[in-house]
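Before we start, here is the structure in question, set down as structure tokens.
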Amino acid sequence: MVSRVFYVLLLACGIAVPAHAHHSFSAEFEPDTSAELSGKIVQVWWNNPHIRYRLQVAGEGGATEDWELQAASITAMTQLGWTQGTIKVGDQLKVSGQVGRNGAKKLYVRSIIRPDGSSLMTGRGDARGPDPNQVHATPGKSYGYGTTRNDYPADISGAWRNRYKWHVTVDDLEPKPTPFSAEGRALFAATDHYQDPALRCIALGLPRLFGAPYNMEIVDAGTHYLIVYVEHNTPRRVWMDGRRPPPDIAPSSLGFSVGHWEGSALVIETTNLLPGWLDGSGLPMKGEGTRIVERYELTADRLAMDRIMTIYDPYYTQPLVRRRGSARDDSVDIGEQAPCDPDSYYRDLLELGKLEQHLKGE
């Protein structure tokens with residue numbers, strides 16, 4: 001065994017899931033088992049959905065092991081000040097984090113220390129940036145683009161920061177325990193982590209897009225709101241003119257959304273959805289018969305809003321609820337997200353001996 005690998009079983013500490021791991025982290029990594037590694041970076045993959053590095057770890061007698069280090073997305077890491085050159089081939093590092101399941105030589109990095117003792121920020125656990133759960137906006141300042149419809153009670157156009165009141169989109173739905181129907185429970189039990197569409201760089205769609213930590217921009221287009229999410233550079237239309245879904249409309253990942261105002265709350269109802277996952281753990285969504293209702297409740301100063309999503313789906317005996325927040329910000333970034341590359345997904349399948357099975361559609 002390589003001598004520089006130290007496993008620590010944390011039975012009582014309860015390590016938190018990494019801040020930006022909104023894919024199925026717990027299916028790929030052991031949340032309660034950590035490792036510490038020291039070695040040299042021999043390969044860099046600066047790609048979404050997750051940045052990855054290959055760390056070569058030296059052991060006794062000249063033996064080496066290669067470990068894959070996984071970080072968050074390019075979007076999340078650049079918000080922490082990272083660039084493609086932050087970690088380079090040849091760098092010597094000491095790292096720690098949660099280990100891969102089933103003996104996989106993977107590590108979701110939580111701590112990175114350079115030879116000079118300096119450390120790199122890796123996620124929300126770092127206390128060196130502004131508190132994301134506070135509003136960093138100027139009272140009285142206008143952040144909107146100007147309303148097109150004068151009868152709206154508020155101007156919600158402009159940029160919004162979605163890390164406000166955010167938490168990981170895995171096992172975040174209420175109530176608990178999950179109120180499965182018999183069919184829904186059977187489907188969830190048969191789910192494989194590698195079936196996650198997000199790992200193949202397929203856009204999340206609803207309802208997972210609602211839970212993403214990346215920012216959004218809202219444009220009032222008169223007949224509808226156009227919401228542009230940084231996540232996968234995704235545009236969404238919410239029709240505000242009273243129209244209903246055409247009878248022959250095909251289902252889609254974002255469905256057909258219609259909205260109206262109830263006091264100071266925007267209410268959105270979405271139907272005509274494709275089957276998919278409700279979260280990163282693989283909770284199934286039927287699509288046919290699924291209805292999603294969102295409420296965007298503005299604070300009195302219009303600088304923040306609570307977003308509440310209620311999901312009605314035939315696979316569950318009760319509605320499921322997801323809660324998030326959005327806030328105005330004096331430095332919110334709505335730049336284009338770097339493209340997603342599924343290379344790491346197919347590499348994983350190859351190493352697991354599942355690639356041929358996947359390509360055959362088995």
Side-chain angles (χ1 to χ4, degrees), residues 75 79 130-167 169 203-245 254-271 291-311 321-337:
T75 305
Q79 289 175 352
D131 183 352
N133 291 319
Q134 298 296 319
V135 178
H136 305 288
T138 303
K141 179 179 176 179
S142 175
Y143 290 88
Y145 299 151
T147 56
T148 298
R149 292 277 299 274
N150 293 325
D151 55 338
Y152 290 166
D155 180 8
I156 62 169
S157 66
W160 292 87
R161 177 172 57 83
N162 283 348
R163 284 191 67 206
Y164 178 68
K165 296 186 177 181
W166 180 79
H167 45 278
T169 311
L204 296 179
L206 289 176
R208 289 175 74 181
L209 184 63
F210 175 94
Y214 307 127
N215 302 327
M216 66 182 179
E217 178 185 32
I218 300 177
V219 177
D220 183 351
T223 59
H224 63 281
Y225 284 121
L226 176 65
I227 306 176
V228 182
Y229 300 90
V230 170
E231 175 78 52
H232 283 272
N233 307 307
T234 302
R236 177 190 180 192
R237 290 173 178 83
V238 178
W239 297 102
M240 300 293 293
D241 58 359
R243 72 180 69 189
R244 307 303 300 173
L254 290 175
F256 190 92
S257 298
V258 296
H260 65 277
W261 283 90
E262 293 182 0
S264 61
L266 174 65
V267 180
I268 304 171
E269 181 171 335
T270 302
T271 55
R291 182 169 65 94
I292 296 174
V293 178
E294 301 160 68
R295 288 185 64 88
Y296 291 36
E297 299 179 348
L298 290 159
T299 56
D301 60 9
R302 303 297 195 254
L303 296 179
M305 58 185 173
D306 289 322
R307 296 182 289 123
I308 304 99
M309 169 180 277
T310 305
I311 303 166
V321 178
R322 169 170 289 146
R323 299 178 185 275
R324 293 292 187 274
S326 299
R328 299 293 197 182
D329 197 295
D330 287 326
S331 60
V332 64
D333 181 11
I334 52 172
E336 182 177 348
Q337 187 178 53

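This one's a predicted model, so the numbers in the text were calculated from it and none came from an experiment.
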Item to check | Smallest separation among heavy atoms of T271 and P245, with atom names | outcome: OG1-CG, 4.0 Å

Checklist entry - Which residues satisfy the salt bridge (charged side-chain N to carboxylate O under 4.0 Å, His left out) test with R324, sequence neighbours excluded? => result D172

Next on the checklist: Check whether T75 reaches the backbone of Q337 with its side chain - one donor and one acceptor, N or O, closer than 3.5 Å.
Outcome noted: no

Checklist entry - Would you say L266 and M305 make side-chain contact, with heavy atoms under 4.5 Å? => result no

Item to check | Atom pair OH/CZ of Y229 and F210 - distance to nearest 0.5 Å | outcome: 8.0 Å

Next on the checklist: Distance check, rounded to the nearest 0.5 Å: N215 atom CG versus E231 atom CD?
Outcome noted: 11.0 Å

Next on the checklist: Between T234 and L254, is there a side-chain heavy-atom distance shorter than 4.5 Å?
Outcome noted: yes

Checklist outcome for this item: Here the pair of heavy atoms bringing G211 nearest to T169 is O-OG1, 3.0 Å

Checklist entry - Hey, does the side chain of H136 reach the backbone of D131 with a donor-acceptor pair shorter than 3.5 angstrom? => result yes

Next on the checklist: Under the rule for side-chain hydrogen bond (donor to acceptor under 3.5 Å, both in side chains), what residues qualify as partners of R161, not counting sequence neighbours?
Outcome noted: D329

Item to check | Smallest separation among heavy atoms of P153 and G263, with atom names | outcome: CG-O, 3.1 Å

Checklist entry - Hey, are the side chains of R244 and F256 touching, using non-hydrogen atoms and a 4.5 Å cut-off? => result no

Checklist entry - Listed by chain and number, what are the side-chain hydrogen bond (donor to acceptor under 3.5 Å, both in side chains) partners of N162, not counting sequence neighbours? => result S326

Checklist entry - Taking all atoms of both residues into account, what is the closest heavy-atom pair of D333 and V230, and its distance? => result O-CG2, 4.2 Å

Checklist outcome for this item: Sorted by chain and number, sequence neighbours left out, side-chain hydrogen bond (donor to acceptor under 3.5 Å, both in side chains) with Y164 holds for none

Checklist entry - Would you say T223's side chain and D241's backbone share a donor-acceptor pair under 3.5 angstrom? => result no

Checklist entry - Residues in side chain to side chain contact (heavy atoms under 4.5 Å, CB included) with D151, at least two apart? => result R149

Next on the checklist: Test: salt bridge (Lys or Arg N to Asp or Glu O under 4.0 Å). Region: residues 300-310. Which pairs qualify, not counting sequence neighbours?
Outcome noted: K165-D306

Checklist entry - Is the side chain of R322 donor-acceptor paired with the backbone N or O of P207 at a distance under 3.5 Å, no angle test? => result yes

Checklist entry - Quick one: side-chain hydrogen bond (donor to acceptor under 3.5 Å, both in side chains) partners of E262, sequence neighbours excluded? => result H260, R295

Item to check | Heavy-atom side-chain proximity of L209 to H232 below 4.5 angstrom | outcome: no

Item to check | Closest non-hydrogen atom pair between G146 and D155, with its separation | outcome: N-OD2, 3.1 Å

Item to check | By side chain to side chain contact (heavy atoms under 4.5 Å, CB included) - contacts of T138 (at least two apart) | outcome: K141, Y143, D330

Checklist outcome for this item: In short, V135 meets R328 closest at the heavy-atom pair CG1-O, 4.0 Å

Checklist entry - Hey, are the side chains of R236 and T270 touching, using non-hydrogen atoms and a 4.5 Å cut-off? => result yes

Next on the checklist: For P235, give me all partners under side chain to side chain contact (heavy atoms under 4.5 Å, CB included), at least two apart in sequence or on another chain.
Outcome noted: L226

Item to check | Gap separating the CG atom of D220 from the CD1 atom of I156, nearest 0.5 angstrom | outcome: 8.0 Å

Checklist entry - Who are the ring-ring contact (aromatic ring centres under 6.0 Å, His included) partners of Y225, not counting sequence neighbours? => result Y152

Checklist outcome for this item: Residues passing the salt bridge (charged side-chain N to carboxylate O under 4.0 Å, His left out) test with R291, sequence neighbours excluded, are E269

Item to check | Separation of Y214 OH from L204 CG (nearest 0.5 Å) | outcome: 9.5 Å

Item to check | Distance, nearest 0.5 Å, that separates CD1 of I218 from CE of M216 | outcome: 4.0 Å

